[in-house]
Each structure stands twice: as C-alpha cells, then as structure tokens.
Amino acid sequence: MAVMDEFKEQRAALKNGTFKQKLSYFWYYYKWHTIGSIAALVAVILLIHDIVSQKNEVFYAAMLNSSDLLQDESFAEQFMAYAGIDPNTDTATFDDSLSISFSNLNEITLASAQKLQATIIAGKVDVIVAGDELFENYANDGVAADLRQMLTSEQLAVYEPCLYYVDYVLVEQIAEANYNLDTSFQPKIPDPTKPEQMEDPIPVGIYVDSSKLLNDSYRFGDGDRIVVGFLANSQHTDMSIKFIEFLLGAE
C-alpha cells in the first residue's frame with residue numbers, strides 16, 4: 001500500500017479514536033515540528049527576557065590579578081548603595097577574571113590581556129585596580145588618565161599623599177619605541193612616589209592599599225601596594241571618583 005493511502009486510512013480511523021490514540025498519532029508524526037516550535041518559542045521568550053531585564057552598566061572596574069575573598073556580590077552591592085546606583089535598572093561590574101603576568105606569557109595572560117585591551121578600546125573600562133608592579137606597565141603606556149583633568153584641585157590635595165606619578169617624557173619615549181618596534185629600548189622607570197625626580201610628573205593613579213574595604217574583599221598579586229587608575233576614555237568619571245571616595249573615605 002502506498003504511504004499516502006496508509007496515511008489517509010490512519011487519519012480516517014482516528015476520527016472516532018480515543019484522545020490517547022489521537023495524541024499518540026500526533027506525537028508520532030509531528031513531534032519534531034512540535035519540539036522545534038517549542039524550542040523557537042523558548043528562545044524568543046529568553047531573548048525578550050534578556051532585553052527587558054538587561055541592566056545599564058554604569059561602572060566597570062578591571063580587578064587585575066585579584067581573587068574575591070567574599071565569593072559573593074557584597075562588595076559590589078556596598079559600592080552601589082554608596083554611589084546611589086539603582087540595582088533594579090543599573091549595575092556595577094568588578095571583573096576579577098583577568099590574570100596577567102608579563103614575566104610569564106602563557107595562554108591565560110594572552111587571553112586576559114586581549115580581553116582587557118578590547119574592553120579598554122571599547123571605552124568600557126572605567127578604572128584599573130592592580131598591584132603596583134603590574135599597574136606600572138599600563139601607567140607608562142599612556143592608558144591611565146591624567147588625574148589633574150579628572151579631579152578638582154581640592155580633591156587632588158586630599159589624595160596627594162597617595163598619588164602615583166609617571167614621567168610624561170618617559171611615556172612619550174616608550175610610545176615612540178613601541179611605534180618603531182624598538183625592542184632594544186629599556187626604559188628606567190622612576191619611583192612613582194617621587195615626582196620631584198621626574199622631568200614632567202603626571203599623577204595617574206591613587207594608592208588604595210590602606211583601604212580596609214578593599215583588603216577585606218580582594219587579594220592582589222604583583223606588588224605590595226594596590227593602585228587605582230582612571231582610564232583616559234572612561235565613560236563614567238563621576239562613578240570612578242565615587243569609587244575612590246568609597247575606598248578611602250574622602251569626600
């Protein structure tokens with residue numbers, strides 16, 4: 001018997017069949033269509049949910065070579081409460097997934113460095129928080145912002161004992177060497193706490209290793225002191241300032 005004729009006979013026989021028989025028939029012939037339709041519907045629902053529930057990221061901190069001691073979101077929640085961020089519509093991100101070591105260029109370092117570079121270029125990163133040995137690389141590469149353009153003179157005066165400086169003359173020399181692919185250039189990095197020994201000192205970071213809030217929440221590698229640097233292309237300078245106030249308790 002032809003397949004089409006068999007199909008018609010089964011359809012005719014089921015006109016007076018039980019509900020269970022009809023359900024079994026439907027499932028046998030149409031289960032993949034049903035599964036596909038349900039999967040598509042679920043996908044649409046999840047997409048709509050993601051779009052509707054997506055929160056606006058109003059602050060992003062790259063927490064380099066750090067480990068979260070609390071293993072929860074209490075640090076982020078405390079900052080959001082301090083900064084007046086509405087958790088229903090907005091969020092603050094503290095990304096502690098980045099592990100970078102310039103003395104050990106393994107796959108993790110390369111992947112983390114690429115991710116950080118991409119997020120910086122995209123203007124997503126507001127601050128970098130790192131040990132001073134690692135921060136030195138980014139500070140002298142011209143990534144960190146001149147704090148004189150971000151903070152008022154009064155704010156700078158408050159943080160003066162904690163400022164991290166780079167010599168802009170050296171920053172330009174490093175940029176030129178990088179542009180010319182001059183691997184023979186070995187810069188001598190001056191002490192970042194002694195601007196008087198620099199030709200053109202620029203404050204680009206703030207030491208926050210005295211912050212109990214930070215020390216209770218995170219552990220960092222690469223250096224004994226922790227530094228926060230604002231990004232030159234940050235989209236949320238106001239939140240970056242609040243973050244420093246949150247850590248050091250200065251208004």
Next on the checklist: For a 4.5 angstrom cut-off between non-hydrogen side-chain atoms, does Met198 reach Pro190?
Outcome noted: yes
Item to check | Separation between OG of Ser240 and CG of Leu147, rounded to the nearest 0.5 Å | outcome: 10.0 Å
Next on the checklist: If I compare all heavy atoms of Lys115 with all of Ser97, which pair ends up nearest, and what's the gap?
Outcome noted: NZ-OG, 3.1 Å
Checklist entry - Are Tyr82 and Leu247 connected, step by step, through hydrophobic side chains (Ile, Leu, Val, Met, Phe, Trp, Tyr) whose heavy atoms are closer than 4.5 Å? => result yes
Checklist entry - With a 4.5 Å limit on heavy-atom distance, are the side chains of Met150 and Gln155 in contact? => result no
Checklist entry - For Glu199, does the CD atom sit with more than 12 other heavy atoms under 6.0 Å from it, leaving out its own atoms? => result no
Checklist outcome for this item: In short, Ile120 meets Leu231 closest at the heavy-atom pair CG2-CD1, 4.0 Å
Checklist entry - Could you walk me through whether Glu176 and Phe185 pass the side chain to side chain contact (heavy atoms under 4.5 Å, CB included) check? => result CA-CA 10 Å; Glu176 183 179 359; Phe185 179 67; over 6 Å; no
Checklist entry - For the side chain of Asp141 and the backbone of Val143, is there at least one donor-acceptor N/O pair under 3.5 Å apart? => result no
Checklist entry - Is there a side-chain contact between Cys162 and Val208 (heavy atoms, below 4.5 Å)? => result no
Checklist entry - Should Ile174 and Val171 be counted in the same cluster of Ile, Leu, Val, Met, Phe, Trp and Tyr side chains packed under 4.5 Å apart? => result no
Checklist outcome for this item: Sorted by chain and residue number, the side chain to side chain donor-acceptor pair (under 3.5 Å) partners of Lys212 (sequence neighbours excluded) come out as Asp216
Checklist entry - With a 4.5 Å limit on heavy-atom distance, are the side chains of Leu69 and Ser217 in contact? => result no
Checklist outcome for this item: Only residue of Asp95, Thr119, Asp126 satisfying side chain to side chain donor-acceptor pair (under 3.5 Å) with Tyr60 is Asp95
Item to check | Cluster overlap Leu170 with Tyr138, hydrophobic side-chain contacts below 4.5 Å | outcome: no
Next on the checklist: Looking at Arg219, I'd like to know if its CZ atom is crowded, meaning that more than 12 non-hydrogen atoms belonging to other residues, nucleotides or ligands lie closer than 6.0 Å.
Outcome noted: no
Item to check | Stepwise side chain to side chain contact (heavy atoms under 4.5 Å, CB included) check, Met80 with Phe59 | outcome: CA-CA 9 Å; Met80 290 173 66; Phe59 182 72; over 6 Å; no
Item to check | Asp86 CG to Thr91 OG1 distance, which is reported to the nearest 0.5 Å | outcome: 11.0 Å
Checklist entry - Ignoring hydrogens and geometry, is there a side-chain-to-backbone donor-acceptor pair from Asn215 to Asp209 under 3.5 Å? => result yes
Checklist outcome for this item: Output for pair (Ile189 CD1, Asp191 CG), nearest 0.5 Å, gives 11.5 Å
Checklist entry - Just wondering, do Asp200 and Asp167 contact through their side chains at under 4.5 Å, heavy atoms? => result yes
Next on the checklist: Using a strict threshold of under 4.0 Å (side-chain N to carboxylate O), is an ion pair present between Asp132 and Arg225?
Outcome noted: no
Next on the checklist: Can you classify the ring geometry of Phe135 versus Tyr164 as parallel (below 30°), tilted (30 to 60°) or perpendicular (above 60°)?
Outcome noted: perpendicular
Item to check | Any Tyr218 side-chain heavy atom under 4.5 Å of Ile226 side chain | outcome: no
Checklist entry - Closest heavy-atom contact between Phe75 and Leu213? => result CE1-O, 3.9 Å
Next on the checklist: Quick one, Val158 with Glu154, criterion side chain to side chain contact (heavy atoms under 4.5 Å, CB included). Give me CA distance, side-chain angles, the key distance, then yes/no.
Outcome noted: CA-CA 6 Å; Val158 170; Glu154 291 79 10; 5.9 Å; no
Next on the checklist: With rounding to the nearest 0.5 angstrom, report the OH to CG distance, Tyr168 to Asp146.
Outcome noted: 9.5 Å
Checklist entry - Considering all heavy atoms of both residues, which atom of Ala139 and which atom of Ala144 are nearest to each other, and what is their separation? => result CA-CB, 4.4 Å
Checklist outcome for this item: Looking only at heavy atoms, the pair that brings Met239 and Ala83 closest together is SD-CB, 3.8 Å
Checklist entry - Does Glu172 CD have over 12 foreign heavy atoms under 6.0 Å away? => result yes
Checklist entry - Hey, is the main chain of Lys55 close enough, under 3.5 Å, to the side chain of Glu57 for a donor-acceptor pair? => result no
Checklist entry - Please walk me through it: do Ile244 and Leu151 pass side chain to side chain contact (heavy atoms under 4.5 Å, CB included)? => result CA-CA 11 Å; Ile244 295 296; Leu151 303 174; over 6 Å; no
Item to check | Pairwise distance CD(Glu196) to OH(Tyr165) - rounded to 0.5 angstrom | outcome: 9.0 Å
Checklist entry - So, do Phe230 and Ile241 sit near enough that their side-chain heavy atoms are less than 4.5 Å apart? => result yes
Item to check | Geometric class of the Phe243/Phe94 ring pair [parallel <30°, tilted 30-60°, perpendicular >60°] | outcome: tilted
Item to check | CG on Leu214 to CE on Met63, rounded to 0.5 Å | outcome: 5.5 Å
Checklist entry - Which atom names give the shortest non-hydrogen contact between Ile100 and Ser112, and what distance separates them? => result CG1-CB, 3.7 Å
Checklist entry - How would you list, by chain and number, every residue that makes a side chain to side chain contact (heavy atoms under 4.5 Å, CB included) with Leu110, sequence neighbours excluded? => result none
